[in-house]
Amino acid sequence: MAEENKSSLDPLAALCKRRGFIYHSSEIYGGMPGFWDYGPLGCELKQNVKQAWWQFTVRGRSDVAGLDATIIMHPKIWKASGHLDTFADPMTMCKECKKLMRADQIGDILAEQKKKPVPHNPEGTLSCPYCGGEMTEPKPFNLMFKTVVGPIDDPSNVAYLRPETAQAIFAQFTNVLATSRQQVPFGIAQMGKSFRNEVTPRNYTFRSREFEQMELEFFIRPDEAVEILHGHVVTLADNPDLDGPVQDDWGWEVWHKYWVEQRKKFLTAVGLPPARFVEYWQKPDELAHYARACVDIEYDFPFGRQELEGIAARSDFDLSQHQKWSGESQMVFDDPLKQAAKKMDDAARAAFIEKVQKDWVARGKDSLEAEKFCRNLFDGKYVPHVIEPSAGVDRLMLALLCEAYEEQKLTDDKGKDDVRTVLHFNPKVAPVKVAVFPLVKKDEASYKMAQDIFGKLRKKVNSFWDESGQIGRRYRRQDEAGTPWCITVDPESPKDGKFTVRDRDSMQQERLSYEEFLAKMYAALEF
RNA sequence: GCGGGCGUAGCUCAAUGGCAGAGCGUCGGCCUUCCAAGCCGAUGACGAGGGUUCGAUUCCCUUCGCCCGCUCCA
């Protein structure tokens, strides 16, 4: 019974604290629920995860540019994005069974239960869909943190801490477009802190109130523009090659799937085996109204299968919203598109418009808007659509920690049982890459050689020096930190120029020269 | 907010109505030392407040915090 109330994360959480990965925020004052600090090893891990993402998403590609925007932005951004309205959920609680729920979802819950429409009490309050009890007055619960900008604490000065990094990308879209020498299709990536006043933070760092995101907004042409340019639009039915270079005639569906595959490649590269995560394609009725498709990549955490990142096809919703609220055009000019449209005669244009209108009306959109949209396309102008891969740094870190954690039962030469706690991080994200030990402190030549090696290595990668305690103990310390390699320099080393390299996972040892070790290490660290 | 579990050292855990103990860790030192168990020393805790009592870490009350569930979706 007591076991069931324990978190399955407890052993990992204890290690994280003991070794300096994760601490509770403000611990000496009793902590703050939903806020976590990363200690010496944790911040290295975090840096590595972010660096890996940045390399994979931005620097390793020629079609993505970076951005680092502020956390506090003009409050209208959140009006335009919908966060101010949709993030303010009216919460209500049943006075009988104490269930907490969103007032606006009671109807849905009843519908799911196939019950009659929302029964109202005589006083006009709602009844609990579970037990029929009286509900408390719905209270607005805004998930955004409010603050005041400037010296006067006045409602007109209210601003919000961003609940996602994505909106800054949309808000700076035209600036990046003008200065990055990129053309659609291209992406803008950003990493940074976001804040959500979660009702109940839970599951260690999984749902935090302050967390860090890695988001990419990849802007693409609307399918109609691709059609004009290429006379066709490649869809998933065409079996496009998603591993090769990107193609100009891909439609949004293909781009979306392409990014799903890219994200999976990234997760695999930083050490999550594909077998350990699942792709969940949201069903049409689960999609947000602006989304055309959304895939969640979920990981089997010890506390259940949970979302690690999401890849959404958001159409032109965000940029259009900002265009509407700011009054600034968010359209791009696409010269190849204009040139292609020039070749269409009036009949072809009329037929094209008619086709688009039919399609739009079928999707519940306005026919006149469709025509306006087409006329703009003929001028080479449109609001780009967007594919949004959005990942949580802290969630990925937690998944990597869960995945890496192992308590190995070993039996030594003398037949004694021993438990080895080891973090099997992929070397690319391991906080410490290599530890250097002098086997014997008193042997001057080898001690000096160990110091020289350490001095050289620390200029290249995060390295650790340890000369205290017995050698086996030093190895085990590094196992708990997840250090992939330990170098032990012994009295023989100055003579043959080689040292012992001990592998974390296999515990195998081999004698290598400095150059041989460097080659081995770099091979493992490269993306 | 409600229900359940739980608060003893950095971590894991003891004991007790009468000076709070161990292992690991950390720090210093010794040992010619390749897989945590060689030696010496140091470090350090009863979440907070109140009550009962000669005396409370232990019993009672209050409070604070953590964990699990109800909501959240990076």
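These figures come from a predicted structure and were not determined experimentally.
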J.: If you count heavy atoms of other groups shown closer than 6.0 angstrom to CD of A:E444, is the number above 12?
T.: no
J.: Less than 6.0 Å separating the ring centroids of A:Y204 and A:W36?
T.: yes
J.: Going by 5.5 Å between centroids and 30° between planes, is there a stack of A:F211 over B:A74?
T.: yes
J.: Is it the case that more than 12 heavy atoms not belonging to A:Q47 sit under 6.0 Å from its CD atom?
T.: no
J.: Please state how far atom NE2 in A:H83 lies from atom P in B:A74, giving the value in whole angstrom units.
T.: 8 Å
J.: Given the P atoms of B:A14 and B:G7, what is the spacing between them in whole Å?
T.: 9 Å
J.: May I have the distance from A:R474 (atom CZ) to B:G25 (atom P), rounded to whole angstrom?
T.: 14 Å
J.: Measure from the side chain of A:A14, starting at C-beta and using heavy atoms only, and say which of B:C35, B:C73, B:C11 lies closest.
T.: B:C11
J.: Say you pick atom C1' in B:G47 and the same atom in B:U58; how far apart are they, in whole Å?
T.: 16 Å
J.: Cation over ring, A:K442 on A:Y447, under 6.0 Å and within 45°?
T.: no
J.: Checking all strands, does A:R395 fall into the base, sugar-phosphate, or nothing category for heavy-atom contacts under 4.0 angstrom?
T.: base
J.: Using whole Å, what does the distance between atom C1' of nucleotide B:C34 and atom CG of A:D479 come to?
T.: 13 Å
J.: Say you pick atom P in B:C19 and the same atom in B:G25; how far apart are they, in whole Å?
T.: 30 Å
J.: Rounding to an integer number of angstrom, what distance separates B:C40 and B:C31 when you compare their C1' atoms?
T.: 11 Å
J.: Measuring only the C1' atom in each nucleotide, how far is B:A9 from B:A42? A whole number of Å is fine.
T.: 14 Å
J.: Who is the Watson-Crick or G-U wobble partner of B:G65, with both distances under 3.5 Å?
T.: B:C6
J.: Please give the nucleotide sitting opposite B:C27 as a Watson-Crick or G-U wobble pair, both distances under 3.5 Å, or none.
T.: B:G41
J.: Quickly work out the A:H24 NE2 to B:C66 C1' distance and round it to whole Å.
T.: 8 Å
J.: For A:F301 and B:A74, give me the distance from atom CZ to atom C1', rounded to whole Å.
T.: 10 Å
J.: Given the P atoms of B:C60 and B:C68, what is the spacing between them in whole Å?
T.: 27 Å
J.: Checking A:R207 against A:E307 for the salt bridge (Lys or Arg N to Asp or Glu O under 4.0 Å) test, could you report, in this order, the C-alpha distance in whole Å, the side-chain angles of both residues, the deciding distance, and whether it holds?
T.: CA-CA 11 Å; A:R207 178 162 292 115; A:E307 185 187 350; over 6 Å; no
J.: Let me know the distance between CZ of A:R504 and P of B:A36, rounded to the nearest Å.
T.: 18 Å
J.: What is the distance, to the nearest angstrom, from the CD atom on A:E215 to the P atom on B:C73?
T.: 14 Å
J.: Under 3.5 Å for both donor-acceptor distances, Watson-Crick or wobble: does B:G17 have a partner, and if so which one?
T.: none
J.: Would you confirm whether the ring centroid of A:Y258 sits within less than 6.0 angstrom of the ring centroid of A:W255?
T.: yes
J.: Nearest nucleotide by nearest heavy atom, which residue falls closer to the 5' end of RNA chain B, A:E309 or A:K17?
T.: A:K17
J.: Across all strands shown, which nucleotide pairs with B:C70 by Watson-Crick or G-U wobble geometry, both distances under 3.5 Å?
T.: B:G1
J.: Over all strands shown, is A:R502 touching base, sugar-phosphate only, or nothing at heavy-atom distances under 4.0 angstrom?
T.: base
J.: Using the C1' atom on both, measure B:G17 against B:C35 and round to a whole Å.
T.: 48 Å
J.: Is there a Watson-Crick or G-U wobble partner for B:U57 with both distances under 3.5 Å, and which nucleotide is it?
T.: none
J.: Write down the distance between CD (A:Q470) and P (B:C40), rounded to a whole number of angstrom.
T.: 14 Å
J.: Starting from the 5' end of RNA chain B, give me the residue, A:L15 or A:R476, whose nearest nucleotide shows up first.
T.: A:L15
